[in-house]
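Letters go in sequence order (proteins before strands), and every chain restarts at 1. What's counted below: heavy atoms across the whole structure, side chains too, no hydrogens, waters or symmetry copies.
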2 protein chains.
Amino acid sequence: MKYSSISEAAAVYGIPESTIRYYEKKGLLPLIERDQAGRRLFSERQLALLGAVICLKNTHMPISKIKQYMEWIVEGDSTLERRLEMMQRHRQAVHDEISLMTQYLSGIEEKIERYTKQIQEIKNGEEVRSR
Amino acid sequence: MKYSSISEAAAVYGIPESTIRYYEKKGLLPLIERDQAGRRLFSERQLALLGAVICLKNTHMPISKIKQYMEWIVEGDSTLERRLEMMQRHRQAVHDEISLMTQYLSGIEEKIERYTKQIQEIKNGEEVRSR
DNA sequence: ATACGACTTAAACCATGGTTTAAGTCAACA
DNA sequence: TGTTGACTTAAACCATGGTTTAAGTCGTAT
């Protein structure tokens with residue numbers, strides 16, 4: 001099996017090494033192996049789990065919940081229902097956030113239209129006055 | 001003209017009064033009038049500006065930028081182009097964020113599918129064993 | 001007159017999510 | 001053998017975005 005160092009894992013996801021260490025300390029990355037020198041070894045599986053952490057973090061799940069989720073993964077099949085329920089709730093939360101952002105987006109687009117028109121009007125006015 | 005108190009303004013947007021005071025202190029709400037007793041008076045116009053601040057904040061514009069934007073509004077028509085450009089950039093940023101969230105959303109949906117299947121398989125297995 | 005509720009301020013405090021620093025260990029190469 | 005580079009730790013530090021506290025001022029209803 002191929003293992004990656006922390007610098008390689010960091011490069012894969014484009015995040016600083018310090019963030020990975022921070023996540024491990026917070027309990028978001030259980031089961032990371034070490035070599036004889038104490039350096040972290042990331043298996044493919046560990047890399048995938050780190051990807052899951054990053055996905056949840058980027059969709060605004062708080063660290064405390066991500067931690068709970070990762071603990072359930074380690075616990076095994078007995079937590080499948082709980083994980084399913086958590087992901088269903090999270091899907092809803094992400095969906096709601098996307099809807100809200102989309103609404104705000106159209107507010108922003110209205111502003112852009114207004115500004116564009118106002119600027120055009122001012123330009124037209126200047127054109128007329130300069131004749 | 002009708003004016004609202006800070007508590008009414010807070011109720012309109014469902015935010016704490018303390019947040020409005022904080023925004024004003026940070027320079028996000030210039031030009032708020034006061035009554036003889038020093039209490040804030042929100043005109044319709046001020047309420048609309050507060051709404052704009054909340055829109056920008058909820059789409060993750062940092063307070064320092066929102067402040068810049070509000071200062072440009074106060075400055076008047078000479079800043080129309082700058083405001084337009086800022087809103088165009090922000091539209092792009094919001095759009096990008098929505099895209100990213102949408103991608104992560106399908107990752108979450110995949111997890112939900114996997115969990116659902118696994119749970120079904122385990123249930124089927126139990127059913128068979130119990131006969 | 002006084003008590004109440006709504007408001008005021010400045011300053012301290014808080015939570016979240018990291019980042020930086022300092023001091024040290026290890027493996028490999030010159 | 002010694003120096004270099006990648007890694008380790010714990011603890012301090014930071015930025016962002018508020019929230020809370022303490023002490024005080026008004027205007028109105030009783």
Which one, [options], comes nearest to the side chain of [X]?
X: B:Pro62; options: D:dG17, C:dT8, C:dT19; result: D:dG17
X: B:Ile6; options: D:dC7, C:dT19, C:dC7; result: C:dC7
X: B:Ile63; options: C:dG17, D:dC7, D:dG18; result: D:dG18
X: B:Ser5; options: C:dC7, D:dT19, D:dG27; result: C:dC7
X: A:Arg39; options: C:dG18, D:dG18, D:dT8; result: D:dT8
X: A:Ser18; options: D:dC7, C:dT19, D:dG17; result: C:dT19

Could you tell me how far apart [X] ([atom1]) and [N] ([atom2]) are, to the nearest whole angstrom?
X: B:Leu41; N: D:dC26; atom1: CG; atom2: P; answer: 16 Å
X: A:Leu28; N: C:dT16; atom1: CG; atom2: P; answer: 13 Å
X: B:Lys65; N: D:dG17; atom1: NZ; atom2: P; answer: 12 Å
X: B:Tyr3; N: C:dC7; atom1: OH; atom2: P; answer: 17 Å
X: A:Glu17; N: D:dG5; atom1: CD; atom2: C1'; answer: 12 Å
X: B:Arg34; N: D:dT25; atom1: CZ; atom2: C1'; answer: 14 Å
X: B:Phe42; N: C:dT8; atom1: CZ; atom2: P; answer: 8 Å
X: B:Ile20; N: D:dT19; atom1: CD1; atom2: P; answer: 11 Å

Would you please confirm or rule out a distance under 4.0 Å between OP1 or OP2 of [N] and any side-chain N or O of [X]?
X: A:Arg40; N: D:dT9; value: yes
X: A:Thr19; N: C:dT19; value: yes
X: A:Tyr23; N: C:dG18; value: yes

Margin query: On DNA chain D, does the nearest nucleotide to A:Gly38 precede the nearest nucleotide to A:Lys25 from the 5' side, or the other way round? Give the residue.
Written below: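 The 5'-side residue here is A:Gly38.
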
Margin query: Go nucleotide by nucleotide along DNA chain D from the 5' end; which of B:Ala37 and B:Ser64 gets its closest nucleotide reached first?
Written below: B:Ser64

Output the distance between atom [atom1] ([X]) and atom [atom2] ([Y]), rounded to the nearest 0.5 Å.
X: A:Leu47; Y: A:Glu8; atom1: CG; atom2: CD; value: 9.0 Å
X: A:Arg39; Y: A:Ser7; atom1: CZ; atom2: OG; value: 10.0 Å
X: B:Met61; Y: B:Met87; atom1: CE; atom2: CE; value: 4.0 Å
X: A:Glu113; Y: B:Leu84; atom1: CD; atom2: CG; value: 11.0 Å
X: B:Leu28; Y: B:Leu49; atom1: CG; atom2: CG; value: 11.0 Å

Check: Which part of the nucleic acid, if any, lies within reach of B:Lys26 when heavy atoms closer than 4.0 Å are counted: base, sugar-phosphate only, or nothing?
Finding: nothing

Check: With a non-hydrogen cut-off below 4.0 angstrom, is A:Arg21 in contact with a base, only sugar-phosphate, or nothing?
Finding: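 Contact class for A:Arg21: base.
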
Check: Is the shortest heavy-atom distance from the side chain of B:Arg34 to the side chain of B:Leu41 under 4.5 Å?
Finding: no

